[in-house]
Amino acid sequence: MTFSVHGLAVARGVAIGRAVLMASSRVDVAHYFIEPAQIESEIERIRAGRNAVVDEIHRLQQTILQMGPKEAPHELTALLDVHLMLLQDEDLITGVKHWVAERLYNAEWALTTQLDVLARQFDEMEDEYLRGRKADLEQVADRILRYMQGVASPVAPPASNRRKTQQDLLLDDSIDVPLVMIAHDLSPADMLQFKQSVFAGFVTDVGGRNSHTAIVARSMDIPAVVGARSASQLVRQDDWVIIDGDAGVMIVDPSPIILAEYGFKQRQGELERGRLSRLRHTPAITMDGQKIELLANIELPDDAAAALKAGAVGVGLFRSEFLFMGRRGKLPDEEEQYQAYKRAVEGMEGLPVTIRTVDVGADKPLDDTKRDEAHLNPALGLRAIRWSLADPAMFLTQLRAILRAAAHGQVNLLIPMLAHASEIRHTLSLIDFARAELDNRGVVYGPVKLGAMIEIPAAALTLKIFLKYFDFLSVGTNDLIQYTLAIDRADESVAHLYDPLHPAVLRLVADTIAECHAQGKSVSVCGEMAGDITLTRLLLGMGLRSFSMHPAQILAVKQEVLRSDVSRLTPWARKVLESEDPAATLAA
Ligand code: PEP
Ligand code: MG
């Protein structure tokens, strides 16, 4: 029966495919696709894991037998019997083999997927005792997973797991239909793993429109919906679903008429993309001759290719923290970082690259296991530059790597989340120190322009201090909105209050642009507002000439730029800014 689930639209377009449910396991599990040649060895890994747990239980049973009837805890004996029975259950084994062989999931993913399927069957059981066995099933699966994690995986995520187009997918024998991922939550690190893989769309139960998970989904340029509340409970593995990324809706088990309608919409979207791609080499100049800089936001060095393809004239924000995530605490050393930054710089073929120093914390934990240690109010806690200043050795390593990469092209160094003059001075002294360290080692490095992100209202209200120390500013509207309005950007329950058009937000953005212009310093906006075509004209009217966004948004924004006449937009933008209800004035 067809039904729909509503959430928040985060990445445009329509995806039609079969649901892949990402089970939320208690053990941190890697998810990747294996090569067909690895099917046997993956199944063997699970078999070895299961056998090891069976042996462990047998050993425990032996110990209990030796205890004698009085001391032997009866409940434990019964529990072990149940666990053994579950471990030998055919549905568990056959199901896991299915996900490995048919879907090419790695062993851990296959196991958690099958666990999820069986857990739902347990939930539906009438008998209370049997329903309660779900917890036992989860326990045995966790033990197998822990065993497998203790034994190094012989299979690395294959390099060939590039993201395939829907057409590739349809031609691919191993995966014959597009797949869409439905999960309760996905961390930015999870999303990054999927960046190179096959999913045609994403839906999550939680998350705000500008959470980092949503931002990565948007950068992948595939339809995505977040904050869909109970989506992962309502959908079953393999259900057909439509994701409408424009409306923020997921339609489950669509009727043939609905399928045909969305198939049409999907083709319209592809035609529109084709039309926009013709603008790639067109300079971004307004009707009245204002030259506009359209830059790319990237997460990984290889994203430079997409930036160039979209006609970006540089990278305005390289979120370097994505190099640090999902590594189980082992951070990249100077050489690894240097190689990564150099790759991004060379990938941009002489165009400037703005590398932001690491911004972890809040909704970007280093890895999922760290989530448990989350502080009470992580968005206000040890995040971004605060984290870097608290760990100078880590920060200096990063600074040296960036300075060395600057020998290979134009690099700008951008610092996130500054608020205090003391933080600025501390940061600058560490940059000098990193240079001195490289001098001492006789290592070559290059010049960098220094920039600060304006994303805390305190910074936007003390611009003079920032302009004294920095060559350029970049407005991080995602956080500026969050901190100005006291709305957690990752919390779907307050998403309706997260308003880029709040007069206070507009005032802070407009003042930053005006102050930079008055001081002759460059300024850009690199938050999601920069890539939102409904705001392009307003930002142009507010004086913005440099926009940084995901490569996928560049051509649509360029189209808006080409249609704009800034001389007429300026007085109109002033009216919007002064209005009590800017959204209404904008729409009028
Ligand atoms: C921002 O806050 O607007 C920004 C660009 O940084 P991030 O989204 O990574 O916090
Ligand atoms: Mg930010």
Side-chain angles (χ1 to χ4, degrees), residues 9-13 163 165 195 209-210 214-224 245-246 269-287 290-319 322 344-345 347-356 410 412 414 472 474-478 500 513 522-542 544-564 566 569:
V10 296
R12 301 169 63 87
R163 177 148 65 87
T165 62
K195 197 159 176 155
R209 198 173 272 126
N210 286 320
I215 287 175
V216 182
R218 213 170 289 138
S219 79
M220 291 163 70
D221 194 20
I222 54 175
D246 298 292
E270 277 155 21
L271 284 177
E272 174 63 15
R273 278 167 202 245
R275 266 195 298 276
L276 281 177
S277 68
R278 292 189 216 128
L279 296 179
R280 183 185 160 199
H281 298 293
T282 310
I285 299 178
T286 62
M287 281 160 63
Q290 297 278 343
K291 201 163 173 278
I292 308 301
E293 185 178 50
L294 300 182
L295 302 160
N297 289 356
I298 65 171
E299 277 93 35
L300 290 175
D302 294 344
D303 295 343
L308 283 184
K309 191 160 170 240
V313 296
V315 167
L317 174 66
F318 176 177
R319 289 183 163 99
F322 282 88
V345 170
M348 286 308 290
E349 300 175 353
L351 296 170
V353 176
T354 302
I355 304 174
R356 181 176 71 181
Q410 288 184 64
N412 305 319
L414 180 61
F472 70 96
S474 186
V475 189
T477 47
N478 305 337
I513 297 169
S522 49
V523 58
S524 69
V525 169
C526 64
E528 297 299 294
M529 280 178 83
D532 181 342
I533 52 170
T534 65
L535 302 177
T536 309
R537 288 144 72 82
L538 178 61
L539 290 169
L540 285 170
M542 283 159 67
L544 189 70
R545 300 293 176 263
S546 175
F547 297 62
S548 193
M549 67 205 83
H550 298 300
Q553 297 161 323
I554 289 180
L555 293 173
V557 171
K558 192 186 275 186
Q559 180 167 266
E560 287 300 301
V561 167
L562 297 174
R563 292 172 178 166
S564 298
V566 171
L569 290 176

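Atom set for the values below is all heavy atoms of this structure, side chains included, hydrogens, waters and symmetry mates excluded. These numbers come from a predicted model, not from an experiment.
The two atoms that bring Leu562 and Pro283 nearest to each other are CD2-O, 3.5 Å, heavy atoms only. Across all their heavy atoms, Ala11 and Ala217 have their closest contact at CB-O, 4.2 Å. Of all non-hydrogen atoms in Ala344 and Ile298, the two that sit nearest each other are CB-CD1, 4.4 Å. Closest of all the heavy-atom pairs between Pro551 and Ala306 is CB-O, 3.7 Å. In terms of heavy-atom proximity, Gly347 sits nearest to Ala304 at C-CB, 4.0 Å. Between Arg545 and Gln290, the shortest heavy-atom distance links the atoms NE-OE1, 3.3 Å.
Defined by atom type and a distance below 3.5 Å, a donor-acceptor pair is missing between the side-chain atoms of Ser524 and Glu293.
Here the side chains of Pro500 and Thr477 are not in contact, with every heavy-atom distance at 4.5 Å or above. Residues Ile215 and Glu299 have side chains in contact (heavy-atom distance under 4.5 Å, counting atoms from C-beta outward). Proximity of Ser219 to Asp303: side-chain heavy atoms (C-beta onward) are nowhere separated by under 4.5 Å. Looking at heavy atoms from C-beta onward, Val475 lies in side-chain contact with Val523 at the 4.5 angstrom threshold.
Once rounded to the nearest 0.5 Å, the distance linking CZ of Arg563 with OG1 of Thr286 reads 14.5 Å. Residue Arg218 holds its CZ atom at 12.5 Å from CE of Met549, rounded to the nearest 0.5 Å. Note that the CG atom of Leu308 and the CE atom of Met348 stand 4.5 Å from one another [nearest 0.5 Å]. With rounding to the nearest 0.5 Å, the separation of CG in Leu555 from CZ in Arg273 is 10.5 Å. The line from CD of Gln559 to OG1 of Thr282 is 10.5 Å long, rounded to the nearest 0.5 Å. Atom CG of Asn297 sits about 6.0 Å away from atom SG of Cys526, to the nearest 0.5 Å.
Among the candidates Ile292, Ile554, Leu295, Leu535, the single residue satisfying the side-chain contact (heavy atoms from CB on, under 4.5 Å) test with Phe547 is Ile292. Val561 pairs with exactly one of Ile533, Thr536, Leu279, Ile285 by the side-chain contact (heavy atoms from CB on, under 4.5 Å) rule, that one being Thr536.
With sequence neighbours excluded, no residue satisfies side-chain hydrogen bond (donor to acceptor under 3.5 Å, both in side chains) with Glu560.
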Go through Ser564 and Leu569 one step at a time and tell me if the side chain to side chain contact (heavy atoms under 4.5 Å, CB included) criterion holds.
-> CA-CA 8 Å; Ser564 298; Leu569 290 176; 3.8 Å; yes

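Ion pairing of Glu272 with Arg275 is present here, as a side-chain N (NZ or NE/NH1/NH2) and a carboxylate O approach within less than 4.0 Å. Classification of Asp532 and Arg209 as a salt-bridged pair fails, no side-chain N sitting under 4.0 Å from a carboxylate O.
One N or O on the side chain of Asn478 and one on the backbone of Glu528 form a donor-acceptor pair closer than 3.5 Å.
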